Amino acid sequence: MPSFQLASREYKKEDTVIHLGTAAVGGGNTLIIAGPCAVENREMMLELAPVLKDMGVHVLRGGAFKPRTSPYSFQGLGEEGLRILNEAGRCTGLPVVTELMDVRDGELVYRYADIIQIGSRNMQNYTLLREVGQMDKPVMLKRGLSATIEEWLLAAEYILAEGNQQVILCERGIRTFETYTRNTLDVAAVGAVKNLSHLPVIVDPSHATGRRELVAPAAKAAAAAGADGLMIEVHPNPGKALSDGQQSITPRELAVLLKMVRAIDHALDRSRVHY
Ligand code: PEP
Ligand code: MN
């Protein structure tokens, strides 16, 4: 018996399917999340959102509270960023996802977000996990920088145990000895999690690689591995991005990538995949 229970395949055989607006994730449904690392200004979000929607993106992302390594880096626009993201979502009909970093901002982020993101650095912030476990909105739980698969699923268990069954797992690379890439995409974790758990698992090839030229190959590998979706950082002008420009791709590059991902999904006939 694994140490996690509610998250396990033994506890629930069928894939958990989470509905987000008109889209869904899990059970053969592939979810595409895209948007800038951080919400930078209103014009950019209002211009970018409809472009992404036309490409078939299902969920708009954008950080308002950014967990930056340096305290001197851009920290996000805070509530103003949440308002802008929410407006861009409402204008296009796209659900929005944004990170909740601090339990004190729980109500604020809940008000503006459709999906609450728990970032890697907070994967084992158990107070925060319990807080979102009591919310009635889906939670996207990113894998910790150095977390094992079991620790990650136990973090999900905290959310499930509080009553929130809508948990989406997100593999975003783990820290290894390799420094050429920002992190190392653990592509085998996708299959492992799908065997161990009924929860949907998506992949973030942007943070996993840290290099825009590696986003497409990593995304294709994730799709081929059976990931339930992708989260990709997109910026109209990556060279000018206030955060993570080096790993951001343009909307045009995303359009090309999504065609390839759809071809892979089609070849796999995901609706027939059973674990
Ligand atoms: C992000 O998705 O904006 C982010 C900060 O990612 P991570 O928590 O995986 O580093
Ligand atoms: Mn980022």
Side-chain angles (χ1 to χ4, degrees), residues 31-40 44-45 48 52 57 59-71 73-78 81-82 84-85 96-102 105 109 112-125 128-129 132 138-147 149 151-152 155-156 167-176 181-187 189-190 193 201-212 214-215 218-219 222 227 229-250 254:
L31 186 76
I32 306 295
I33 305 175
C37 178
V39 176
E40 298 179 2
M44 193 254 261
M45 288 309 287
L48 184 60
L52 297 178
V57 167
V59 175
L60 181 67
R61 69 152 280 151
F65 295 101
K66 294 302 303 173
R68 303 306 301 280
T69 301
S70 166
S73 301
F74 175 60
Q75 303 284 307
L77 298 180
L82 294 175
I84 294 169
L85 179 68
V96 298
V97 60
T98 196
E99 179 165 352
L100 170 63
M101 264 176 54
D102 188 318
D105 297 320
V109 172
Y112 293 104
D114 299 296
I115 305 166
I116 318 282
Q117 175 170 331
I118 299 296
S120 280
R121 292 155 193 79
N122 269 318
M123 190 207 81
Q124 286 180 313
N125 181 337
L128 194 58
L129 296 177
V132 297
V139 175
M140 187 180 76
L141 177 65
K142 298 193 88 174
R143 183 179 183 181
L145 279 76
S146 305
I149 290 170
E151 287 164 343
W152 186 19
V167 179
I168 304 163
L169 299 164
C170 179
E171 159 65 38
R172 46 78 74 204
I174 48 176
R175 185 162 280 198
T176 67
T181 46
R182 182 174 180 178
N183 291 289
T184 297
L185 174 61
D186 185 2
V187 81
V190 174
V193 165
V201 56
I202 69 169
V203 167
D204 168 354
S206 308
H207 292 89
T209 63
R211 289 174 168 261
R212 72 171 66 96
L214 297 181
V215 169
L230 295 166
M231 178 159 85
I232 298 174
E233 285 187 342
V234 177
H235 194 286
N237 190 350
K240 292 247 165 72
L242 296 181
S243 63
D244 286 351
Q246 70 292 344
Q247 68 192 35
S248 298
I249 62 172
T250 62
L254 180 68

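Each ligand, and each atom within it, is numbered from 1 in the order the structure gives. Reckoned from all heavy atoms, side chains included, excluding hydrogens, waters and symmetry mates. Predicted model, so just to flag it, every value in this text is computed and none were measured.
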Q: Step by step, work out the side chain to side chain contact (heavy atoms under 4.5 Å, CB included) result for Trp152 and Leu169.
A: CA-CA 8 Å; Trp152 186 19; Leu169 299 164; 3.6 Å; yes
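- Listed by chain and number, the protein N, O or S atoms at a distance under 2.8 Å from the Mn ion (ligand 2) are Cys37 SG, His207 NE2, Glu233 OE2, Asp244 OD2.
- Considering Thr184, Thr181, Asn183 in turn, Thr184 is the only one that fulfils the side chain to side chain donor-acceptor pair (under 3.5 Å) rule with Thr176.
- Atom CZ of Arg175 sits in a sparse spot, with 12 or fewer heavy atoms from other residues, nucleotides or ligands closer than 6.0 Å.
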Q: Kindly indicate, with the supporting measurements, whether the criterion side chain to side chain contact (heavy atoms under 4.5 Å, CB included) is fulfilled by Gln117 and Met231.
A: CA-CA 12 Å; Gln117 175 170 331; Met231 178 159 85; 3.9 Å; yes
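- Each of Arg61, Lys66, Pro67, Glu99, Gln117, Gly119, Ser120, Arg121, Lys142, Arg172, His207, Met231 has a non-hydrogen atom positioned under 4.0 Å from some atom of ligand 1.
- The side-chain heavy atoms of Gln247 and Cys37, taken from C-beta on, include no pair separated by under 4.5 Å.
- For Arg61 and Glu233, the salt-bridge test passes: some basic side-chain N is under 4.0 Å from an acidic carboxylate O.
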Q: Show your working on side chain to side chain contact (heavy atoms under 4.5 Å, CB included) between Leu60 and Leu85 and close with a plain yes or no.
A: CA-CA 8 Å; Leu60 181 67; Leu85 179 68; 3.9 Å; yes
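- A salt bridge is defined here as a Lys NZ or Arg NE, NH1 or NH2 lying under 4.0 Å from an Asp or Glu carboxylate O, and Asp244 with Arg182 meets this definition.
- Contact check for Arg143 versus Asp186: side-chain heavy atoms found under the 4.5 Å cut-off.
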